[in-house]
Amino acid sequence: TQLLEQSPQFLSIQEGENLTVYCNSSSVFSSLQWYRQEPGEGPVLLVTVVTGGEVKKLKRLTFQFGDARKDSSLHITAAQPGDTGLYLCAGGPRSQGNLIFGKGTKLSVKP
Amino acid sequence: EADIYQTPRYLVIGTGKKITLECSQTMGHDKMYWYQQDPGMELHLIHYSYGVNSTEKGDLSSESTVSRIRTEHFPLTLESARPSHTSQYLCASSEFTGTGGKLFFGSGTQLSVL
């Protein structure tokens, strides 16, 4: 069974700080997606990475897919209160199947 | 923008009632999903469908049932609701039936069973 472990589970920081959240597995994935979910809403896709070592930037957010396609990280520079939410990583299994979600990192950015 | 709609947004009902959670999408996506999520916690896949007349059980066992008579509509039914069914239910769709497709989520239905 393929599993995705996310860390930390909770993170509370002040506005302006930098942070990194991690998504790790012992399994190889064909792709890795990151979603953000705000309270009372459904998750919204932020990015998809498909190539080992790939780095994608979305404004202050930087996503990286590990060389072996087993792990990924999300780095936020100068966090803002609007970044508050639940960050979920989801892996596309190599064989036919549905996305596998991690348990998420709950981020709170205080003004 | 996601064109996937869930109703109702909130539902409070008594034990033993039959309920149907509605989900509709206007994107013409074949694959649709139902996830269960406790507040701020992980998503659990409970049902999915590859298209019309296709329904499959997900990773988490659920007493709910689903139907897919039309491409755009994927309702979830609980015949007899219990307090243990209290949770948020999220519907999603994807363009691709294979792995790794982007999921579009609805805003969810928050169900409370008293």
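Every chain is numbered from 1 and lettered A, B, ... according to where its sequence line falls, protein lines coming before strand lines.
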K.L.:
Would a single hydrophobic cluster contain both L21(B) and L60(B), if residues Ile, Leu, Val, Met, Phe, Trp and Tyr are joined by side-chain heavy-atom contacts under 4.5 Å?
P.N.:
yes
K.L.:
Given that the side chain runs from C-beta out, which part of Y35(B) has a heavy atom under 4.5 Å from chain A: side chain, backbone, both or neither?
P.N.:
side chain
K.L.:
If hydrophobic clusters are built by linking Ile, Leu, Val, Met, Phe, Trp and Tyr wherever their side-chain heavy atoms come under 4.5 Å apart, do I19(B) and Y10(B) end up in the same one?
P.N.:
no
K.L.:
Please say whether more than 12 non-hydrogen atoms of neighbouring residues, nucleotides or ligands are located less than 6.0 Å from CD1 in I69(B).
P.N.:
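At most 12 heavy atoms, drawn from other residues, nucleotides or ligands, come within 6.0 Å of this atom.
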K.L.:
Does any heavy atom of chain A fall under 4.5 Å from the side chain of Q6(B), the backbone, both, or neither of them?
P.N.:
neither
K.L.:
Relative to chain B, which of V44(A), L86(A), V50(A), L32(A) shows the most heavy atom pairs under 4.5 Å?
P.N.:
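Answer, by heavy-atom pair count under 4.5 Å with chain B: L86(A).
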K.L.:
Under 3.5 Å, is there a donor-acceptor pair between the Q37(B) and Q37(A) side chains?
P.N.:
yes
K.L.:
Could you see if Y22(A) belongs to whatever hydrophobic cluster contains V47(A)? Use Ile, Leu, Val, Met, Phe, Trp, Tyr and a side-chain cutoff under 4.5 Å.
P.N.:
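No; tracing contacts between hydrophobic side chains, which count when under 4.5 Å, never links both residues.
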K.L.:
In the single-linkage hydrophobic clustering (I, L, V, M, F, W, Y; side-chain heavy atoms under 4.5 Å), do L11(B) and L78(B) co-cluster?
P.N.:
yes
K.L.:
Just so I understand: if I count every heavy-atom pair under 4.5 Å between each of P39(A), G40(A), G104(A) and chain B, which residue has the most?
P.N.:
G40(A)
K.L.:
How far apart are the closest heavy atoms of L90(B) and G42(A), and which atoms are they?
P.N.:
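Minimum heavy-atom separation between L90(B) and G42(A): CD2-CA, 3.8 Å.
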K.L.:
Shared ILVMFWY cluster between M41(B) and W34(B), side chains joined below 4.5 angstrom?
P.N.:
no
K.L.:
At a 4.5 Å cut-off on heavy atoms, which part of E41(A) comes close to chain B: side chain, backbone, both, or neither?
P.N.:
both
K.L.:
Do L88(A) and E42(B) come close enough that some side-chain heavy atom pair is under 4.5 Å?
P.N.:
no
K.L.:
How many angstroms lie between CG in N98(A) and OH in Y48(B), if you round to the nearest 0.5 Å?
P.N.:
5.0 Å
K.L.:
Any sub-3.5 Å donor-acceptor pair from Y35(A)'s side-chain atoms to L103(B)'s backbone N or O?
P.N.:
yes
K.L.:
Side chains of S94(B) and L99(A), heavy atoms from C-beta outward: is any pair under 4.5 Å?
P.N.:
no
K.L.:
More than 12 heavy atoms of other residues, nucleotides or ligands under 6.0 Å from NZ of K56(A): yes or no?
P.N.:
yes
